[in-house]
Every structure is written in C-alpha cells, then in structure tokens.
Amino acid sequence: MIREGDKVLLIDRRGKRYLVTVSDREFHTDLGILKLGDLIGKDYGSSITSHKGEEFRVIKPDINDIIAKMRRGPQIVHPKDAGIIISYAGISPGDTVIEAGVGSGALTLFLANIVGPSGRVISYEVREDHAEIARKNVELAGFSDRVTIKLKDIYEGIEEDYADHIVLDLPQPENVLPHAVEVLRPGGYFVAYTPCTNQVHRFFQAFQEYKKEFYKPRVVEVLVREQEVKKECMRPKTTMLAHTGYITFIRKL
Ligand code: SAM
C-alpha cells in the first residue's frame with residue numbers, strides 16, 4: 001500500500017516516467033494536474049487520473065528508475081558495467097565496499113542496493129561539488145543509512161582497516177594497490193573501471209609488484225546489443241552504446 005512520503009513512479013500513456021514523492025500536493029504535467037495525495041492508500045499497479053482525464057499507472061521505483069532520474073555531474077558507470085562488477089566480484093548483502101571516486105554516485109547506488117541495510121559503502125571523492133551531488137543522490141535513493149561519502153584522495157591512503165571489496169572508477173587505480181593490499185580481505189576483489197586501454201596497460205605494469213598477493217587478473221569489456229522486435233522482423237537495433245570502459249578484476253589471496 002502507498003503511504004505519504006513514499007517515492008513512486010508514474011507512467012503516462014506515452015511511456016514517459018515521473019519519479020515523485022507522495023504528499024498532499026499537486027503535480028503538474030502536460031497531460032494535466034495530478035493530486036498526489038489521492039495515491040495514499042492505493043496499491044502499486046493501480047492508477048491515478050489527471051484533471052484532463054489522463055491515466056497514469058503507479059509502480060514502485062527500482063534502483064534503475066532512481067539513477068535515471070537523479071542529478072548527474074561526471075559520467076556515470078552504465079548499468080551493464082555495474083551489473084558485471086557486482087556479479088563477477090560476488091558482491092553480496094552485508095559486504096563492506098570501499099569505492100572511489102564517487103562522481104555522480106550511480107555506482108555507489110548500485111553497490112548500496114546490493115549490500116543492503118546490513119552492508120556498508122564507503123566512498124572517497126576529491127571534489128566537493130561531486131561529493132555534494134552524490135550525497136543528494138544517496139539521500140534520494142534512501143541509502144544514507146549505509147553509505148558514507150568522504151572528501152578525501154584515496155591515492156593518499158584508505159582510512160578503514162577492512163574491506164570485502166574495493167571498487168574504483170578513477171584515472172589511476174594502480175595508485176590504490178599499495179593501500180588495497182593492507183585492507184582487502186583474502187578472497188575480496190579489487191575492481192578497476194577505466195575507459196582507456198593505456199590505463200589498463202599502466203595498471204598491469206604497476207600490478208607486477210603486487211601479483212603474488214592476488215589471484216590471476218581478469219579484464220572484460222561488456223557489450224550489450226539491444227534487439228528491435230517487430231511483427232515481421234527481429235534484428236539488432238542499428239545504434240549501440242559501443243564503448244564505455246574496461247573492467248579489471250583482481251582477487252586478494
Ligand atoms: N562511478 C561514478 C558514477 O557512477 O557516478 C563516476 C565516477 S567519475 C567518472 C570519477 C570521479 O573520481 C570524479 O568525481 C573525480 O573527482 C574522482 N576522483 C579522481 N581521482 C580521485 C582520487 N584520487 N580520490 C578520490 N576521488 C577521485
């Protein structure tokens with residue numbers, strides 16, 4: 001049942017989505033005005049009608065809906081990459097994950113969603129403006145209970161003495177290797193997301209010094225080819241998100 005203060009996703013007849021917080025106020029759209037208070041007591045899956053007679057279906061937003069609607073600063077990690085980071089590293093409910101840089105906080109939200117209320121995400125960020133955007137996005141997602149954003153340069157060190165996993169989206173992940181070997185638990189993953197091949201190469205040069213501490217590395221690039229399904233023909237869409245980044249996984253021994 002929907003309560004006051006809940007976040008809900010409204011979907012209009014065109015498929016346009018609106019993320020709103022339920023309260024006793026009006027919400028204006030080009031398809032008419034909605035009285036959000038009318039949602040209180042309704043079930044998810046029901047609908048609400050605007051003053052122009054337009055119907056909006058109501059569902060509970062998931063993490064992708066929040067990320068799609070949140071404010072953005074720097075480029076975010078795409079869901080296809082977040083998915084493989086979480087699955088290949090085996091990130092699980094209750095885990096403690098150290099992350100840097102936080103950027104807009106998209107990866108932070110995916111991580112917070114999976115570690116759950118008993119887990120922790122500690123995110124380092126050097127830029128105050130990015131940290132501020134991410135803090136607001138963490139609040140929007142309702143994850144302030146499990147995410148801590150620190151305005152600190154992770155290259156200079158990790159303050160925590162334990163991590164199940166370390167997940168990085170910053171230019172020089174190799175600078176974090178000396179700190180990671182101190183805090184990462186055996187079996188935990190060090191994950192580095194980098195857009196460019198030269199970054200992967202530079203990481204591997206630095207990694208040689210630490211390779212006895214880790215199980216053999218794995219580097220992947222994730223390509224998702226969406227399909228167009230029509231009555232007479234199914235085929236790949238003609239456009240595609242061709243490249244986002246390379247993801248390097250190394251596992252602590
Ligand atoms: N993963 C983020 C997301 O999904 O929204 C985007 C991260 S953004 C591409 C990279 C961030 O790393 C920037 O905000 C940058 O300020 C931060 N950064 C760069 N070097 C850093 C460092 N040494 N320590 C902490 N943060 C750093």
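These numbers come from a predicted model, not from an experiment. All ligand and atom numbering here is 1-based and tracks the order in the structure.
- Counting only heavy atoms of the protein, atom 23 (N) of ligand 1 lies nearest to D153 OD1, 2.7 Å.
- Annotation: side chain of R14 is in contact with side chain of L31 (closest heavy-atom distance under 4.5 Å).
- Heavy atoms of V102 approach ligand 1 to within less than 4.0 angstrom.
- Of all atoms in ligand 1, numbered sequentially from 1 with element shown, those under 4.0 Å from a heavy atom of V77 are 1 (N), 3 (C), 4 (O).
- Using a 4.0 Å cut-off to heavy atoms of I76, the atoms of ligand 1 that qualify are 3 (C), 4 (O), 5 (O).
- Listed by number with element, the atoms of ligand 1 under 4.0 angstrom from any heavy atom of Q75 are 6 (C), 9 (C).
- Side chains of E54 and T49: a donor-acceptor N/O pair is absent below 3.5 angstrom, by distance only.
- Regarding atom 14 (O) of ligand 1, its nearest protein heavy-atom neighbour is H130 ND1, 2.6 Å.
- Nearest to atom 3 (C) of ligand 1 by heavy atom, out of P195, A106, G101, is A106.
- Between F203 and F190, the distance from one ring center to the other falls under 6.0 angstrom.
- In this structure, F56 has its ring center closer than 6.0 angstrom to the ring center of Y18.
- With ligand atoms numbered from 1 in the order given, ligand 1 contributes 24 (N), 25 (C) to contacts under 4.0 Å with heavy atoms of K152.
- Ligand 1 has no N or O atom lying under 3.5 Å from any N or O atom of P74, backbone or side chain.
- The nearest heavy-atom contact from the protein to atom 10 (C) of ligand 1 is D169 O, 3.3 Å.
- Atom CZ of F110 sits about 8.5 Å away from atom NE2 of H78, to the nearest 0.5 Å.
- For ligand 1, the atoms lying closer than 4.0 Å to a non-hydrogen atom of Y124 are 25 (C), 26 (N).
- Across Q172, E125, R127, heavy-atom proximity to atom 16 (O) of ligand 1 is greatest for E125.
- Side-chain contact of T194 with Q199: a donor-acceptor pair under 3.5 Å is absent, judged by distance alone.
- Around the CD atom of E159, the shell of radius 6.0 Å holds more than 12 heavy atoms that belong to other residues, nucleotides or ligands.
- Using modelled atom types and a 3.5 Å distance limit, the side chains of T244 and K80 yield a donor-acceptor pair.
- Given atom 18 (N) of ligand 1, the protein heavy atom at minimum distance is V126 CG2, 3.7 Å.
- A cation-pi arrangement is present between R218 and Y88, with the terminal nitrogen or guanidinium carbon under 6.0 Å from the aromatic centre and inside a 45° cone about the axis.
- In terms of protein heavy-atom proximity, atom 24 (N) of ligand 1 is nearest to I154 N, 3.1 Å.
- E139 and S144 are not linked by any side-chain donor-acceptor pair at a separation below 3.5 angstrom, with hydrogens and angles left out of the test.
- Every atom of ligand 1 is numbered from 1 in the order shown, and the set under 4.0 Å from a heavy atom of S104 is 5 (O).
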